[in-house]
Amino acid sequence: MADLITLLSERLAAAFDTVAGTAGNDPVVRPSDRADAQANGALPLAKQLGRNPREVAEAVVAAAELDGVATAEIAGPGFINLTIDDDFLGATVASVAADERLGIARQASRRIVVDYSAPNVAKEMHIGHLRTTVIGDAVVRMLTFLGHDVIRENHIGDWGRPFGLLIQYLLDEAAAGTIDLEHLPLHALDDAYKAANTRFAEDPEFAERGRARVVLLQQRDPETIALWTRLVEASEDYWTELYGKLGILLTNDDVVGESFYEDLMPKVVQQLHDAGLLQESDGAQVVFPPGFTNRDGDPLPLIVRSSAGAFTYATSDLACVADRTGRLGADTLVYVVGAPQSQHLAMVFAVSEMAGWLTPPAEAVHVPFGNVLGPDRKMLKSRSGDPVRFIDVVDEAITRGVAAVAEKNPELVGDARESIGHAVGIGALKYFDLSTDRIKDYVFDWDRMLSFDGNTAPYLQYAHTRICSLFRRAEVDRATVRSLAPQVREPAERALAVRLLGYEAAVLETVERYSPHRLCTYLYELSSDFTAFYEHCPVLRAESDEIRLSRLALSDLTARVLAHGLGLLGIEAPEQM
RNA sequence: GCUCCAGUAGCUCAGUCGGAUAGAGCGACUGCCUCCUAAGCAGUAGGCCGCAGGUUCGAUUCCUGCCUGGGGCGCCA
């Protein structure tokens with residue numbers, strides 16, 4: 001435990017209890033711009049005791065055991081400003097540097113299913129898949145690092161009427177000789193998917209054959225399933241390519257599509273019936289979870305079987321919950337799904353609890369996010385008005401990253417330019433998405449995301465490369481500086497050291513709220529602190545060997561935290577750029 | 001109509017469990033490279049924290065109401 005806030009809180013809590021004469025008082029220690037930290041707890045305590053706040057603060061300081069840790073000073077109406085002792089600061093930094101986990105302990109392991117990305121078979125992924133994919137992947141990486149048993153699930157759309165229609169369309173076209181079933185690239189499937197829907201609406205004979213094909217699919221007719229399987233495989237190949245370029249952990253092993261839940265849905269409905277939760281409403285089988293109302297103020301149903309007898313996406317989502325807590329034994333279900341699904345998921349979770357599929361302490365969490373907007377502040381569209389293809393965005397990010405690297409550092413050529421440019425471009429794309437509060441919409445802007453100034457991936461990556469460059473020039477093995485306690489004297493050194501010790505809190509806070517932008521903000525502040533340090537404190541030309549090594553130690557830990565933090569976000573940290 | 005989310009500098013965004021003088025980046029203006037990567041650093045200017053009440057020693061933060069924008073509200077997923 002290297003977190004200064006926690007450490008100071010513990011030290012001061014005892015003093016607060018002594019002064020208050022009661023237990024459990026909160027010292028309210030917070031980061032401060034006037035000291036390394038400040039304790040605000042004396043003000044409410046004074047109020048409670050009916051005493052003067054400054055007197056209370058003084059009594060607390062007198063009772064506090066801070067020797068060798070920090071000095072305290074009363075300021076203003078009763079704030080306690082805390083300044084960490086330089087030696088203690090250096091020693092604490094050293095304890096983090098000696099730890100491969102950078103001071104972050106493993107948590108009590110939970111089994112956590114993270115549901116993210118969720119593309120559709122035979123359809124292009126579009127810009128709408130960017131956020132769920134990137135945020136979900138960062139969440140997976142962070143939870144895994146904290147020691148949890150994380151199960152990635154890619155809940156693909158692979159079943160139901162659209163696929164019956166698509167298959168019938170493909171068979172018709174193959175018979176007419178306009179399509180080669182042996183050669184079905186994804187863009188052709190995407191076209192066919194749309195064409196099948198159009199033909200369904202316009203051609204009654206096709207509509208009839210299509211419906212029949214839907215039934216054959218449901219019945220798992222071998223010929224139909226054979227073609228369906230190829231559609232799925234073609235789509236998986238496509239996703240694999242995209243995820244590979246983007247650096248996403250999802251693989252085909254993580255695919256659990258709607259088709260998987262097909263068999264479970266009758267059981268789900270049966271269990272709802274057995275539990276007495278099922279009601280008939282306008283010919284549909286529904287559950288009314290308490291607390292949800294429709295536009296007329298009447299109870300709002302979750303429809304698990306339509307009046308036509310079909311299962312709905314609600315049924316499939318319920319089956320999903322039951323499967324994840326049941327078969328997989330998950331404690332926590334995380335859904336990285338857009339904000340518009342908020343009510344739907346809340347209802348699914350509510351019904352799951354009613355049915356006993358989601359029993360505390362098991363919990364389901366919706367991690368919602370806003371939209372990616374175009375310059376007109378509306379949903380991002382391509383010039384033609386079609387949705388922007390995800391793969392095009394990924395490719396353009398790489399192209400722009402390579403171009404940026406080529407421009408800034410012409411000496412980098414060949415494979416190095418390509419791979420570093422890739423890391424910069426993809427990093428920029430991901431970081432731009434992750435660095436704003438996920439609940440808000442953001443305006444997509446290539447220039448800003450690839451800027452080397454401000455809160456961007458290239459800025460962070462550059463800070464990292466500067467440190468790597470220092471070590472190349474110093475000809476010092478980085479591992480050798482990890483066992484020494486840096487001297488922390490200069491303001492820029494202190495600021496950097498204090499920031500380094502905040503990494504644990506930043507990560508824990510980020511995970512607790514499933515808000516990657518908190519980690520981004522931390523890493524940006526760390527980079528800023530480092531560049532200020534780099535500017536004001538000569539490293540290689542320090543006045544003594546001792547200070548040189550000390551500053552190399554601070555630099556090394558900074559680079560490790562940067563690379564590690566970026567890694568948790570799914571972003572690479574090249575050694576040069 | 002009900003409900004969820006958002007509203008902070010000209011622009012793009014942070015702001016932790018209620019703490020002191022609300023912070024960055026861009027843009028504007030000033031300085032700083034014979035010196036570890038100037039892809040940078042230091043500084044200046046720029047604010048009705050949507051509006052109005054309330055709670056509190058203290059409110060951008062919590063509560064209520066309103067305004068603006070977006071989403072959701074029975075058989076699509």
Side-chain angles (χ1 to χ4, degrees), chain A residues 5 26 28 30-34 38 40-41 43-44 46-47 53 75-79 81 118 120 157 159-162 258 281-286 292-298 300-314 316-317 338-344 346 368 370-371 373 377-379 404-405 407-409 435-437 439-443 445 447-448 451-456 458-459 461-463 465-467 469-474 492 505-506 509 513 517-518 520-521 524-525 528 531-542 548 551 555 576-577:
Chain A
I5 301 293
D26 184 2
V28 196
R30 299 284 182 270
S32 175
D33 49 0
R34 298 164 184 243
Q38 62 184 62
N40 305 326
L43 286 95
K47 181 76 178 173
F79 299 108
N81 287 342
N120 258 293
W159 202 249
R161 201 191 72 153
E258 285 162 352
S281 174
D282 296 338
Q285 299 293 310
V286 308
F292 295 90
T293 54
N294 67 14
R295 65 182 79 238
D296 300 319
D298 298 326
L300 184 66
L302 191 69
I303 297 170
V304 297
R305 189 152 213 176
S306 76
S307 54
F311 298 122
T312 68
Y313 72 113
S316 138
D317 285 341
Q341 303 258 29
S342 175
Q343 187 184 49
H344 166 71
N371 296 314
L373 306 179
R377 295 207 69 99
K378 293 185 175 171
M379 296 275 282
V405 169
E407 185 198 332
K408 303 283 190 183
N409 189 352
S435 62
T436 55
D437 191 355
I439 199 64
K440 296 182 181 177
D441 297 344
Y442 72 84
V443 177
D445 185 334
D447 291 335
R448 209 161 40 239
S451 167
F452 290 79
D453 297 308
N455 189 11
T456 66
Y459 178 84
Q461 289 169 323
Y462 178 59
T465 63
R466 283 182 129 177
I467 297 169
S469 167
L470 272 180
F471 277 91
R472 280 195 297 271
R473 285 173 181 268
E509 230 170 58
R513 298 163 189 243
H517 84 283
R518 290 188 169 267
C520 294
T521 301
Y524 173 57
E525 287 169 342
S528 298
T531 46
F533 159 82
Y534 182 84
E535 208 61 42
H536 295 111
C537 300
V539 177
L540 300 183
R541 292 189 318 277
R548 183 170 182 264
R551 289 180 179 165
S555 300
Q576 54 175 333
M577 58 191 274

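The structure presented is a predicted model; accordingly, all values stated were derived computationally and were not measured. What's counted below: heavy atoms across the whole structure, side chains too, no hydrogens, waters or symmetry copies. Just so it is clear: chains get the letters A, B, ... in the order the sequence lines come, proteins before strands, and each one is counted from 1.
In this view, A:Asp282 satisfies the salt bridge (Lys or Arg N to Asp or Glu O under 4.0 Å) rule with no residue, not counting sequence neighbours. Contacts of A:Arg305 classified as salt bridge (Lys or Arg N to Asp or Glu O under 4.0 Å), with partners at least two apart in sequence or in another chain: none. Among residues two or more places apart in sequence or in another chain, the ring-ring contact (aromatic ring centres under 6.0 Å, His included) test is passed with A:Phe311 by none. Residues forming a salt bridge (Lys or Arg N to Asp or Glu O under 4.0 Å) with A:Arg161 (at least two apart in sequence, or on another chain): none. Not counting sequence neighbours, A:Tyr534 has no partner by the side-chain hydrogen bond (donor to acceptor under 3.5 Å, both in side chains) test. For A:Phe79, the ring-ring contact (aromatic ring centres under 6.0 Å, His included) test picks out no residue, with sequence neighbours left out. The side-chain hydrogen bond (donor to acceptor under 3.5 Å, both in side chains) check on A:Arg548 picks up nothing, with sequence neighbours excluded. Considering only residues two or more places apart in sequence or on other chains, A:Glu509 meets the salt bridge (Lys or Arg N to Asp or Glu O under 4.0 Å) condition with A:Arg518.
For the atom pair CG of A:Leu373 and CG of A:Asp441, the computed distance is 4.5 Å after rounding to the nearest 0.5 Å. Distance OH/A:Tyr462 to CG/A:Asn409: 10.0 Å, rounded to 0.5 Å. Atom CD1 of A:Ile467 is separated from atom CZ of A:Arg472 by 11.5 Å, given to the nearest 0.5 angstrom. Taken from CZ in A:Phe292 to NE2 in A:His344, the straight-line distance is 11.0 Å, to the nearest 0.5 Å.
For the P atoms, the distance linking B:C2 with B:C66 amounts to 8 Å, nearest Å. The separation of B:C67 from B:G50, taken at their C1' atoms, amounts to 7 Å, rounded to a whole angstrom. Going from the C1' atom of B:C76 to that of B:G69 covers 27 Å, rounded to whole Å. Taking atom C1' in both B:G46 and B:A52, one finds a spacing of 27 Å when rounded to whole Å. Taking the C1' atom of each, B:G58 and B:G19 are spaced 7 Å apart, rounded to whole Å. When the P atom is compared between B:G54 and B:A9, the two are found 25 Å apart, to the nearest whole Å. Distance check on atom P: B:U21 versus B:U61 gives 16 Å, rounded to whole Å. B:G18 and B:A59: their P atoms are spaced 14 Å apart (whole Å).
Of all heavy-atom pairs between A:Ser281 and A:Val286, the closest is CB-CG2, 3.9 Å. Scanning both residues, A:Ile303 and A:Ala284, for their nearest heavy atoms gives CG2-CB, 4.1 Å.
Contact annotation for A:Asn81: base contact, defined as any heavy-atom pair under 4.0 Å involving a base atom. If you check every strand for non-hydrogen atoms under 4.0 Å, A:Pro44 touches a base. Among the heavy atoms of the strands, none lies under 4.0 Å from A:Ala346.
Side-chain atoms of A:Ser451 do not come within 3.5 Å of backbone N or O of A:Arg448 as any donor-acceptor pair.
The side chain of A:His536 has B:C41 as its nearest neighbour among B:C41, B:C36, B:U37. Comparing atom distances between the A:Arg473 side chain and each of B:C36, B:G19, B:A39 picks out B:C36 as nearest.
With a glycosidic angle more than 90° from 0, B:C36 adopts the anti conformation. Base orientation for B:G74: syn, the chi torsion being within 90° of 0.
Remark: P of B:A38 and OH of A:Tyr459 are 12 Å apart, rounded to the nearest angstrom. For A:Asn40 and B:U56, the CG to C1' distance is 15 Å, given to the nearest whole Å. Computed from coordinates, the A:Leu43 CG to B:G19 P distance equals 12 Å when rounded to whole Å. Per the geometry, CD1 belonging to A:Ile467 stands 17 Å off P belonging to B:A39, to the nearest Å. Protein atom CZ of A:Phe533 is 11 Å distant from nucleotide atom C1' of B:C36, rounded to whole Å. Residue A:Tyr524 contributes atom OH, which lies 10 Å from atom C1' of B:G23 at whole-angstrom precision. One atom, CD of A:Glu407, and another, P of B:A39, lie 11 Å apart when rounded to the nearest Å.
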Could you run through nucleotides 27-35 of chain B and give me one letter per nucleotide, 5' to 3': B if any protein heavy atom sits under 4.0 Å from the base, S if only the sugar-phosphate is that close, - if neither? --------B
Between protein and nucleotides 5-17 of chain B, map the contacts as a letter string: B base, S sugar-phosphate only, - none, heavy atoms under 4.0 Å, written 5' to 3'. SSS----SSSSBB
Where along nucleotides 71-77 of chain B does protein come under 4.0 Å, by heavy atom, of base (B) or sugar-phosphate alone (S), with - for untouched nucleotides? SSBBB-B
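Contact annotation: A:Tyr534 does not reach the phosphate of B:A39 (side-chain N/O to OP1 or OP2, under 4.0 Å).
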Which dot-bracket string describes RNA chain B (Watson-Crick N1-N3 plus N6-O4 or O6-N4, or G-U N1-O2 and O6-N3, all under 3.5 Å; [ ] crossing; | other strand)? (((((((..((((.....[...)))).(((((.......))))).....(((((..]....))))))))))))....
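Side-chain contact of A:Tyr459 with A:Thr531: a donor-acceptor pair under 3.5 Å is present, judged by distance alone.
A distance cut-off of 5.5 Å between ring centres, combined with a plane angle under 30°, leaves A:Phe452 outside any stacking arrangement with the base of B:A39.
Residues A:Ala75 and A:Ser451 both approach RNA chain B. Their nearest nucleotides, taken by heavy-atom distance, put A:Ala75 toward the 5′ side.
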